[in-house]
Amino acid sequence: MTSADTIAAIASASGAAGVGVLRVSGPAVPGIAHELLGRDPDPRHAHFAAFRESDGELIDRGLLLYFPAPASYTGEHVLELQGHGSPVLLDALLRRICNMGARLARPGEFTERAFLNGKLDLAQAEAVADLIAARSQAGARAALRSMEGVFSYKVYELLQSLVALRVHIEAAIDFPEEEIDFLADPLITQQLDALRVQLAALLCEAQRGVRLNDGLRVAIIGRPNAGKSSLLNALAGSDRAIVTDIAGTTRDVLREQLHLDGVALELADTAGLRETDDPVEQEGVRRARGELARADMALLVTDADHVEFDLVLLADLPASVERLVLINKIDLEHVGARYETRPDGVWVWASAKTGEGLNALREHLRQVAGAGSGEGAFSARRRHVLALEQVTVHLEQADQVLRATRAGELAAEELRQAQHALGEITGTYTSDDLLGAIFSSFCIGK
Ligand code: GDP
């Protein structure tokens, strides 16, 4: 696919800088390059050029690089101009390029063209934006791996197994007299089981990928005065939340972004989840429940006297939410800091006031956020996780109908839908709305 029009944008960040980069892509590029340089440029060669207005007046001097199609970022002819990083000069140069037949690029349009030309798939294209926006080293490394196709490759592997199984089942449907025998073949259920194991592993990795990308979302919960704000302040290293000893101070949800050794964390301090008649506090409680519903982890702050009672707050959480119990105020109890893994989550004994025991808590947060995920960890987005969850549901249903009724057609249909959901991750199946939503969040010039 080659676009009819040529796009141009300033690719470097706005504001004054040492060097500014302008990028052009499309069919008019060879002509523009020729006019700027006074001759045809050599492919992939850095030319030192004088960039001039049409009347010959000098705009700037800099480097001109030409990447002929298809060996370029977008798959089209691409021109990159590097000049002085002055917004005024770059604007003038951009105007000049547009006068030669280019138009201004929309956000993400270069990467969108790369996707449409098969240079990268959709998950890789999204990773480009995630790489640029990465807020931590671990996040950037993970986004780089996704951009290089680590995640996509795993999706394709899963897709291959899925298609093999689908072919197997559809073959059985095509020979109805043999269908029952065919579908009773243990090979089919074995294949399906293996597929589900493969899928569960990928879903787990993708969930970790989202945390690496977005940061771990921790909702701090607990009764008023448990020490939630103090904990937030101790972790953030500032007096972000208001700490008082009047019950019910924190009525709104405060957010704090933290970086712990290269991992982004988002802490949300919520009002205590107690039942209350105060309408303002009721609103705080409502938000606290909302916060829990979208969190990766619930961090219950309590103390030795209240822990048994407060565990109720963790009772109704979905299984996917990690649980961490902080027994705070150990300085008052004169007990030492401790860390224990229990069936209902990890328990940490610490003091938000003295800081004792908080390192163990920090380290645990770091681990859950994916810091220790090491080689091979890739970034992902929530939409990918949702797609993998859909695949999970379809495979479960395929499994049920196969075991219960041996209805080949129904199982095949579930597999077809599972395949469709997988294809949405890599962009085999997309809608204009989805592409619009994804690429419009990019920066201009990318
Ligand atoms: P929140 O309502 O859960 O946010 O609780 P705060 O952080 O406002 O703390 C309530 C009171 O407990 C304040 O007076 C804090 O100074 C005190 N506090 C918090 N953590 C500790 C701790 O570890 N030890 C002691 N001794 N006091 C604490």
Side-chain angles (χ1 to χ4, degrees), residues 216-258 260 265-317 321-340 342 344-365:
L216 181 72
R217 289 196 295 213
V218 181
I220 304 182
I221 55 169
R223 65 174 58 236
N225 267 335
K228 300 181 295 298
S229 307
S230 305
L231 174 71
L232 191 65
N233 289 338
L235 290 177
S238 71
D239 282 340
R240 176 78 171 79
I242 311 152
V243 181
T244 64
D245 42 17
I246 304 161
T249 326
T250 315
R251 289 174 169 177
D252 206 338
V253 178
L254 275 175
R255 288 175 199 289
E256 191 77 39
Q257 285 278 349
L258 296 188
L260 294 181
L265 299 171
E266 188 180 307
L267 292 169
D269 182 25
T270 58
L273 284 174
R274 62 175 190 164
E275 297 308 320
T276 168
D277 294 331
D278 177 347
V280 180
E281 225 181 288
Q282 272 172 355
E283 175 60 15
V285 171
R286 198 187 61 76
R287 289 189 195 185
R289 293 202 189 276
E291 202 61 49
L292 268 182
R294 60 179 280 281
D296 300 309
M297 178 192 270
L299 198 173
L300 171 66
V301 182
T302 180
D303 57 41
D305 292 338
H306 298 97
V307 58
E308 292 307 328
F309 185 80
D310 285 351
L311 281 176
V312 161
L313 297 176
L314 294 180
D316 303 328
L317 294 183
V321 178
E322 296 267 346
R323 291 151 167 80
L324 176 60
V325 179
L326 171 67
I327 320 280
N328 192 30
K329 308 194 184 184
I330 56 168
D331 54 305
L332 296 180
E333 302 288 324
H334 305 292
V335 297
R338 225 160 76 211
Y339 175 99
E340 270 180 28
R342 299 196 172 196
D344 52 357
V346 162
W347 287 36
V348 176
W349 281 257
S351 166
K353 193 168 188 171
T354 66
E356 202 190 344
L358 288 186
N359 276 346
L361 183 108
R362 276 201 185 87
E363 181 53 28
H364 181 71
L365 289 176

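Just follow the structure's listing: the first ligand is 1, and inside any ligand the first atom is 1.
Taking every non-hydrogen atom of L332 and a distance limit under 4.0 Å, the qualifying atoms of ligand 1 come out as 26 (N). Within ligand 1, counting atoms from 1 as listed, the ones closer than 4.0 Å to a heavy atom of K228 are 1 (P), 2 (O), 3 (O), 4 (O), 5 (O), 7 (O). Near S351, meaning under 4.0 Å from any of its heavy atoms, are these atoms of ligand 1: 22 (C), 23 (O), 24 (N).
Some N or O of G227 is nearer than 3.5 Å to an N or O of ligand 1, by distance alone. Considering backbone and side-chain atoms together, P224 places no N or O closer than 3.5 Å to any N or O of ligand 1. Residue K329 has at least one N or O atom closer than 3.5 Å to an N or O atom of ligand 1. Residue-to-ligand polar distances place A352 within reach of ligand 1: an N/O pair is separated by less than 3.5 Å.
Taking a 4.0 Å cut-off on heavy atoms, G222 fails to register as neighbouring ligand 1.
Note that the NE2 atom of H364 and the CE atom of M297 stand 4.0 Å from one another [nearest 0.5 Å]. Here N328 contributes atom CG and L300 contributes atom CG; the two are 10.5 Å apart, rounded to the nearest 0.5 Å.
Listed by chain and residue number, D310 satisfy the side chain to side chain donor-acceptor pair (under 3.5 Å) test with T302 (two or more places apart in sequence, or in another chain). Considering only residues two or more places apart in sequence or on other chains, E340 meets the salt bridge (Lys or Arg N to Asp or Glu O under 4.0 Å) condition with R338, R342.
Judged by distance alone, with hydrogens and angles left aside, the side-chain atoms of D296 form a donor-acceptor pair with the main-chain N or O of R217 at under 3.5 Å. Panel note: side chain K353, backbone I330; no donor-acceptor pair is recorded below 3.5 Å.
The residue from I327, N225, L358 that puts a heavy atom closest to atom 10 (C) of ligand 1 is N225.
In this structure, the side chains of L361 and V346 stay at 4.5 Å or more apart for every pair of heavy atoms.
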